[in-house]
Amino acid sequence: MTDDLSSRAVPDKPTIEGLEETWLARWDDERVYHFDRSATRDEVYSIDTPPPTVSGSLHIGHVFSYTHADLMARYQRMSGKKVFYPMGWDDNGLPTERRVENYFGVRCDPSLPYDPDFGVPAKPAEQKVPISRKNFVELCQHLTATDEEVFKNLWRHLGVSVDWTLEYSTISPHSQAISQRAFLEMLARDEVYSSVAPTLWDVDFRTAVSQAELEDRERPANYHRVAFAQGDGSGRVEIETTRPELLASCVALVAHPDDERYQALFGTTVLTPLFQVEVPVVAHELADPEKGSGIAMICTFGDTTDVIWWRELSLPTRALIGRDGRFLPADFGAEDWPTRDVAAARDFYAQLEGRTVNQVRATVVDALRESGALIGELRAITHPVKFYEKGERPLEIVTSRQWFVKTLEHRGELLARGEQIKWHPDFMKHRYRSWVEGLNVDWNISRQRFFGVPFPVWYRLDESGAVDFEHPILADATQLPVDPSSDPAPGFDESQRHQPGGFIGDPDVMDTWATSSLSPQIAGYWGTDLFERIFPMDLRPQAHEIIRTWLFSTVVRSHFQHDSLPFTNALISGWVLDPDRKKMSKSVGNVVTPMPLLEQHGADALRYWAASGRPGTDTAIDEAQMKIGRRLAIKILNVSKFVLGRLEGVSDVSVADVSEPLDRDLLAKLAQLISDSTTAFEHYDYARALERTEGFFWSFCDNYVELAKSRAYGDGRDPATRSAHATLSLTLATLQRLLAPFVPFVSEEVWRWWHDSSVHLAAWPRVLELGDAPVATGVYDAVGDVLEAVRREKSTQKFSQRKEVAELVVTGPAEVLEVIQSGQRDLVDAGGVRSVIYHEAGEFSVRATLVPDA
RNA sequence: GGGCGCUUAGCUCAGUUGGUUAGAGCAGCUGAUUUACACUCAGCAGGUCGGGGGUUCGAGUCCCUCAGCGCCCA
């Protein structure tokens, strides 16, 4: 080390109060975390930072996970890498829309014209005020800008070493342009298509949702046993269904091909009750003989199994449920709606049209009972029902036009990509694999919403006004981003919108994951030289609940676009549980927000807690752990003050001055610590690095510093004193750097007492700094054992540790005694020992005779 | 139904390829106390490593099995 020891500035009373404000400002001024854009790919460590959803407040889980990423960023930066560490905000999408609706008391009505004078409402209206799409989007932008400031403030206070000049948001024009470009390129490569298909649909949000956004919830339901007359009049077939309201859309009955009860029925027809529609009885192995009566009705569509049956058995479509969740018109008697009794079917259906699912169910069940088709009592069950993860009502299946990314036909390649990722911890790869193996529909990327990236396509209208979806008009790639709902299609004039012979814009926006899956391209400015310097990214840090969404979709996009992985390493954080180890949730009301903890315990302390959570391990909020982190920070201040105080007036000590056996042994142990900590970080095991460093640090404070204390007070010309000075200096400089990723504020403070530039730009400690291969001799531990025995004797006799030892008898093997003897000077100083006697014997023991009271 | 993880001291967790008497921190208990630190220091106590079986000279660690908790996928 070539420290300028004359420029030390150690405060009289060091304190951790105020360190955060001081160093945040200095780091900004000195551009400590600034990314060097001239760096080449091999010099760079790039991080694909998760852009948090901007829809309210940050969660303690964010603090946990982002700290883990920051630990790696800081380690890599000190190791000499140019760290590309951006921060993004995922502000487009439904969560933002919901927040805006509630926050301002508005709702979007795309049919309304833009009101340029519409201001930001001071407080939400009682009734939600309908506003135009453009006004709505403006409110979304307004609110996300405010939220992002709050988020940014929190990250900064946590000490996340982001380069804030690399900030991005997924709704920005830049992100929209990247997203639209990537879409157009996928379209050109035939990786995306639009089609009219049965789609999982949330009737409250009035949008399609994708498989990745589904969750099963156990819901109570009733089995209704319903009798169908056989088509030839020979008898009845009894089915069981939980959704009798869909009876009018029944297109077949289905049973398992091996089910002996129904062999005779396969190939025959039955008549639906009430509607008298003749439908076939078919066989399919997905029919579960154990469920209900083993024979079920297939409706278009009651659930996803209906869709599979419908597709694989080529059944007709008789859709009943509209986008608003209400029953659509059904033209009984027309070609698509055959029935043996047109009048009765029409008459009854007239009571159902326009009603909700629950209303229709009640009406149908009453009619079935009255007609005698409902057999026995309802049978209550609970069964899993598909919900949109953010929704409150079960999903319906609605046929609509959607854009899909072809994932199914690339399943094998995508599984292979998952194997190529270095997962931390390794077992998280199973989450990815089981998700990809379970895919059963292509990735639906269109949402019938407003605040998102529009599809950069328009459609021609023919002379009759019919839409030609098969030949979309594509945006000019040099003109992105575009908004087809306000920009006219290329070659058309705005006046031709909605006119026969004119055009319409695609009304939908993209799924938020369709844009955030391009985070490397967005943050890295795909198409510029920067992108080549940072891609593929080195690290994707994230939480495990978004493996199937963000991680998977990023892999898909990168595989298609670049034929590569988007990142090399995936660092997956666990859950943060509440103090009682329960999962936090809004409904339970045990969600912990980070800001109060940050203010109470300090950033270093909160980071210390987060760093103790190993990758992939669920970790409970533990304020006791935060207090220990705070204690560590204070100890770092005090021991640094003390050591630097001992080094006052000392200059030019180096590893060559380390001559004492005790000191040399300490450096050998320090070398091992450097090696262990470095290896742990290289394996993304920051928690182990912390544990080892912390253990060494406390031992250094309580044992080495005590042992070397009096020697360090000696004459600077004495080699033993110089050895102590050099050891203290080297060890302190090493420990401050090893601790810097974990407790960046206090580490920076104590480092700057004797260095001119940031510890966060200092070189990560290397074993070579400690001279040529220090060899562990065991002096430190052996002397420590004797000292411990002396302390025990004093403690047992309830004396002060300052009580002197009249005679110390150390018994043990010759080689052990020799080792202890080499550290005797420090031992007698630290232990207050007047005389030491060595006895050679097999067993190690220590006997201390204290000086009697005067 | 398939898969993954966890189960070690009162609590939170380490324990690497099997190798002395299973470790740490916190909490508890007993003490100490003037200059780096009361946001301190020392010491003590506390575990048949979830149950059962097996492999081995030797198992917290490897294998089988059972149980409980949590999660992922269907």
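Order of the sequence lines sets the chain letters (A, B, ...), proteins ahead of strands, with each chain counted from 1.
- Here CG of Leu414(A) is found 14.5 Å from CZ of Arg433(A). Values are rounded to the nearest 0.5 Å.
- Phosphate proximity of rC44(B) to Arg791(A): absent, as no side-chain N or O sits under 4.0 Å from OP1 or OP2.
- Judged by atom type and distance alone, Ser800(A) does not reach the base of rA32(B) through any side-chain donor-acceptor pair under 3.5 Å.
- Taking the C1' atom of each, rA14(B) and rU61(B) are spaced 13 Å apart, rounded to whole Å.
- For rC26(B), the OP1/OP2 oxygens have a side-chain nitrogen or oxygen of Arg631(A) closer than 4.0 Å.
- Rounded to an integer number of Å, the gap from His430(A) NE2 to rC71(B) P is 19 Å.
- Nucleotide rU12(B) forms a pair with rA24(B), judged by Watson-Crick or G-U wobble geometry with both contacts under 3.5 Å.
- The pair Arg834(A)-Glu807(A) does not count as a salt bridge, with every side-chain nitrogen at least 4.0 angstrom from each carboxylate oxygen.
- A sub-4.0 Å separation between OP1 or OP2 of rC73(B) and a side-chain N or O of Arg548(A) is present.
- Nucleotide rC71(B) is matched to rG3(B) when pairs are restricted to Watson-Crick or G-U wobble geometry with both distances under 3.5 angstrom.
- Which of rC71(B), rA42(B), rU40(B) sits closest to the side chain of Asp702(A) comes down to rA42(B).
- The interatomic distance linking Glu788(A) (CD) with rG43(B) (P) rounds to 5 Å, in whole Å.
- Rounded to whole Å, the separation between the C1' atoms of rA59(B) and rG15(B) comes to 14 Å.
- Each of His424(A), Gln542(A), Arg614(A), His68(A) was checked for a side chain to side chain donor-acceptor pair (under 3.5 Å) with Ser573(A), and the lone residue meeting it is His68(A).
- Here the nucleotide nearest the side chain of Trp575(A), chosen from rC37(B), rC71(B), rG43(B), is rC71(B).
- With sequence neighbours left out, His601(A) forms a ring-ring contact (aromatic ring centres under 6.0 Å, His included) with no residue at all.
- Nucleotide rC41(B) has rG31(B) as its partner under the Watson-Crick or G-U criteria, with both atom distances under 3.5 Å.
- Atom-to-atom, CG of Leu415(A) to P of rC73(B) comes out at 15 Å; the value is rounded to the nearest Å.
- Atom pair Phe642(A):CZ and rU40(B):P shows a separation of 17 Å (rounding to whole Å applied).
- Geometrically, Arg631(A) engages Trp698(A) in a cation-pi contact defined by less than 6.0 Å to the ring centre and at most 45° from the axis.
- Comparing Lys709(A) and Leu439(A) against RNA chain B, the residue whose closest nucleotide sits nearer the 5' end is Lys709(A).
- Listed nucleotides rU12(B), rC26(B), rA36(B) differ in distance to Lys641(A); the shortest reach to its side chain belongs to rA36(B).
- A heavy atom closer than 4.0 Å to some atom of RNA chain B occurs in Glu691(A), Arg692(A), these being the qualifying members of residues 689-696 of chain A.
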Inset, instruction - Go through Phe301(A) and Trp310(A) one step at a time and tell me if the ring pair (Phe, Tyr, Trp, His ring centres under 6.0 Å) criterion holds. - result: CA-CA 9 Å; Phe301(A) 300 92; Trp310(A) 166 80; 5.0 Å; yes
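- The aromatic ring centres of Phe700(A) and Phe642(A) sit 6.0 Å or more apart.
- When the side-chain nitrogen and oxygen atoms of Arg792(A) are compared with OP1 and OP2 of rC44(B), one or more of them lie within a distance under 4.0 Å.
- When the C1' atom is compared between rU7(B) and rC13(B), the two are found 13 Å apart, to the nearest whole Å.
- Comparing rC71(B), rC41(B), rA74(B) by their closest approach to the side chain of Trp698(A) singles out rC41(B).
- With P as the reference atom, rG50(B) and rA45(B) are 24 Å apart, rounded to whole Å.
- Because its NZ or CZ atom is not both nearer than 6.0 Å to the ring centre of Phe696(A) and within 45° of the ring axis, Arg692(A) does not count as a cation-pi partner of that residue.
- Under a 4.0 Å N-O distance rule, the pair Lys386(A)/Glu396(A) does not qualify as a salt bridge.
- Nucleotide rU48(B) is matched to nothing when pairs are restricted to Watson-Crick or G-U wobble geometry with both distances under 3.5 angstrom.
- The separation of rU55(B) from rG68(B), taken at their P atoms, amounts to 28 Å, rounded to a whole angstrom.
- Between Glu623(A) and Lys627(A), none of the side-chain N atoms (NZ, or NE/NH1/NH2) sits under 4.0 Å from a carboxylate O, so this pair counts as no salt bridge.
- For the P atoms, the distance from rG1(B) to rC66(B) is 13 Å, rounded to whole Å.
- Nearest to the side chain of Glu706(A), among rC37(B), rU30(B), rG5(B), sits rC37(B).
- A ring-centre distance under 6.0 Å is not found for Phe552(A) and Trp513(A).
- Atom CZ in Arg688(A) sits roughly 13 Å away from atom C1' in rC13(B) (whole-Å rounding).
- Using atom C1' as the reference point in both rC29(B) and rU34(B), the two lie 27 Å apart (nearest Å).
- Taking atom C1' on both nucleotides, rA24(B) is separated from rG31(B) by 22 Å, rounded to a whole Å.
- Taking the side chain of Ser434(A) as heavy atoms from C-beta on, and the options rG43(B), rC13(B), rC72(B), the nearest nucleotide is rC72(B).
- Residue contacts for Gln211(A): at a heavy-atom cut-off of 4.0 Å it reaches the sugar-phosphate backbone alone, with no base atom in range.
- For rC41(B), the OP1/OP2 oxygens have a side-chain nitrogen or oxygen of Lys635(A) closer than 4.0 Å.
- With rC72(B), rG70(B), rG43(B) as the choices, the nucleotide that has an atom nearest any side-chain atom of Asp618(A) turns out to be rG70(B).
- Between Ile628(A) and Pro14(A), the residue whose closest nucleotide on RNA chain B is further toward the 5' end is Ile628(A).
- When the C1' atom of rU35(B) is taken as reference, atom CG of Asn638(A) falls 12 Å away, rounded to whole Å.
- Under the Watson-Crick and G-U wobble criteria, each requiring two contacts below 3.5 Å, nucleotide rG58(B) is left unpaired.
- Put simply, CD on Gln625(A) is 11 Å from C1' on rA24(B), counting in whole angstrom units.
- Whole-Å rounding puts the Ile621(A) CD1 to rU12(B) C1' distance at 14 Å.
- Shown here, rA36(B) forms no base pair; nothing in the strands shown gives a Watson-Crick or G-U wobble contact with both key distances under 3.5 Å.
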